[in-house]
> 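Below is the structure I would like to discuss, written out as structure tokens.
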Amino acid sequence: MLNEAVIKVLKNNMWDLATCTKNEPNVVPVAFKDVTREGKLIIGDVFLETTLNNLKENDGKIAISVYDGQSLEGYQIKGIAEYVTEGETVDTFKAMVEKMFNGAATAKGALVVTPTKVIVTTPGADNKKEI
């Protein structure tokens, strides 16, 4: 579902995670993120309490917005998130966060997002097209 163009933008830019519950939207930027070979999006949980609570109440539904600020190439990815607290992915994020914060913070887990839709947000003829 994720083509090379989408993966490149995901790998090189910040992501904004969007969730909603009880008519209250929530959007947060994330720095600890990656794309797996299988096309899943993974996000390290450092400060995601509200996001996690919203996911529990909304069957894991999440949207991710990512764009290149120079070219304006962008995508919205809708999907279902699963929270994990153990394994290689979590260990990798823990090491990254602890290094960045000199041991003052750590990752508590990781979100693994399975994309269900990819929508172009780049200005132009393809805007709003589903990939």
> Just how far is it from atom CZ of F101 to atom CE of M96, taken to the nearest 0.5 Å?
10.5 Å
> State the CE-CG distance between M100 and N102, to the nearest 0.5 angstrom.
10.0 Å
> Please report the closest heavy-atom contact between G69 and L72, naming both atoms and the distance.
O-CD2, 3.8 Å
> Between D45 and L111, does a side chain to side chain contact (heavy atoms under 4.5 Å, CB included) hold up when you go through it step by step?
CA-CA 7 Å; D45 171 21; L111 283 176; 6.0 Å; no
> Can you hop from V27 to L52 via hydrophobic side chains spaced under 4.5 Å?
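Hydrophobic grouping puts V27 apart from L52.
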> Which heavy atom of N127 sits nearest to which heavy atom of T121, and what is that distance?
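Closest pair (atom of N127, atom of T121, distance): ND2-O, 3.2 Å.
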> Got a second to check how far I43's CD1 is from T89's OG1, nearest 0.5 Å?
11.5 Å
> If you group Ile, Leu, Val, Met, Phe, Trp and Tyr by side-chain heavy-atom gaps below 4.5 Å, do V46 and I42 land in one group?
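In one cluster with V46: I42, yes.
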> Can you name the closest pair of heavy atoms from G74 and T122 and give their distance?
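Reported closest heavy-atom pair: N-OG1, 2.8 Å.
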> If we only count heavy atoms from C-beta on, is the Y83 to V112 side-chain gap below 4.5 Å?
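No, every pair of side-chain atoms sits at 4.5 Å or beyond.
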> Any chance you could measure F32, atom CZ, to L48, atom CG, to the nearest 0.5 Å?
10.5 Å
> Compare every heavy atom of N3 with every heavy atom of A5, then report the nearest pair and how far apart it is.
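The answer is N-OD1, 3.1 Å.
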> Applying side chain to side chain donor-acceptor pair (under 3.5 Å), name anything that partners E73, two or more places apart in sequence or on another chain.
Y75
> Below 4.5 Å, heavy atoms only, C-beta onward: do V90 and T85 meet side chain to side chain?
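Result no, sub-4.5 Å side-chain heavy-atom pair not found.
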> Tell me every residue that passes side-chain contact (heavy atoms from CB on, under 4.5 Å) with N26, counting only those two or more places apart in sequence or in another chain.
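Here the qualifying residues are T19, V28, T50, T51, N54.
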> Under 6.0 Å from the CE atom of M1, do we count more than 12 heavy atoms belonging to anything else shown?
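Check passes, neighbour count above 12.
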> Please list all pairs meeting salt bridge (Lys or Arg N to Asp or Glu O under 4.0 Å) that have one or both residues in residues 14-40, counting only residues at least two apart or in different chains.
K11-D34, K22-E57
> In terms of heavy-atom contacts, does NZ of K61 have more than 12 from other residues, nucleotides or ligands at under 6.0 Å?
no
> Is it true that, when you exclude E4 itself, more than 12 heavy atoms of the residues, nucleotides or ligands shown sit nearer than 6.0 Å to its CD?
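No, CD of E4 has 12 or fewer neighbouring heavy atoms, counting only those of other groups under 6.0 Å.
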> Taking salt bridge (Lys or Arg N to Asp or Glu O under 4.0 Å) as the cut-off, I'd like each qualifying pair that reaches into residues 111-126, sequence neighbours left out, listed once.
D126-K129
> Would V97 end up clustered with F47 when hydrophobic side chains under 4.5 Å apart are linked, directly or stepwise?
yes
> Can you name the closest pair of heavy atoms from L55 and A81 and give their distance?
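Minimum heavy-atom separation between L55 and A81: CD1-CB, 3.9 Å.
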> In chain order, what residues pass the side chain to side chain donor-acceptor pair (under 3.5 Å) check against E98, with sequence neighbours excluded?
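Listed in chain order: T106.
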> If hydrophobic clusters are built by linking Ile, Leu, Val, Met, Phe, Trp and Tyr wherever their side-chain heavy atoms come under 4.5 Å apart, do V118 and L17 end up in the same one?
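Yes; L17 is reachable from V118 via cluster members.
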> Hey, quick one: are W15 and V113 part of the same hydrophobic cluster, counting side-chain heavy atoms closer than 4.5 Å, chains of contacts allowed?
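They do share one cluster, since a chain of ILVMFWY contacts under 4.5 Å joins W15 to V113.
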> Compare every heavy atom of S71 with every heavy atom of D68, then report the nearest pair and how far apart it is.
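The pair with the smallest heavy-atom distance is OD1-N, 3.1 Å.
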> Would you say I131 and I119 make side-chain contact, with heavy atoms under 4.5 Å?
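Side chain of I131 against side chain of I119, heavy atoms only: no contact under 4.5 Å found.
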> Out of curiosity, I77 CD1 to T114 OG1, how far, rounded to the nearest 0.5 Å?
12.0 Å
> Quick one: side chain to side chain donor-acceptor pair (under 3.5 Å) partners of Y67, sequence neighbours excluded?
none
> Out of curiosity, L10 CG to N13 CG, how far, rounded to the nearest 0.5 Å?
8.5 Å
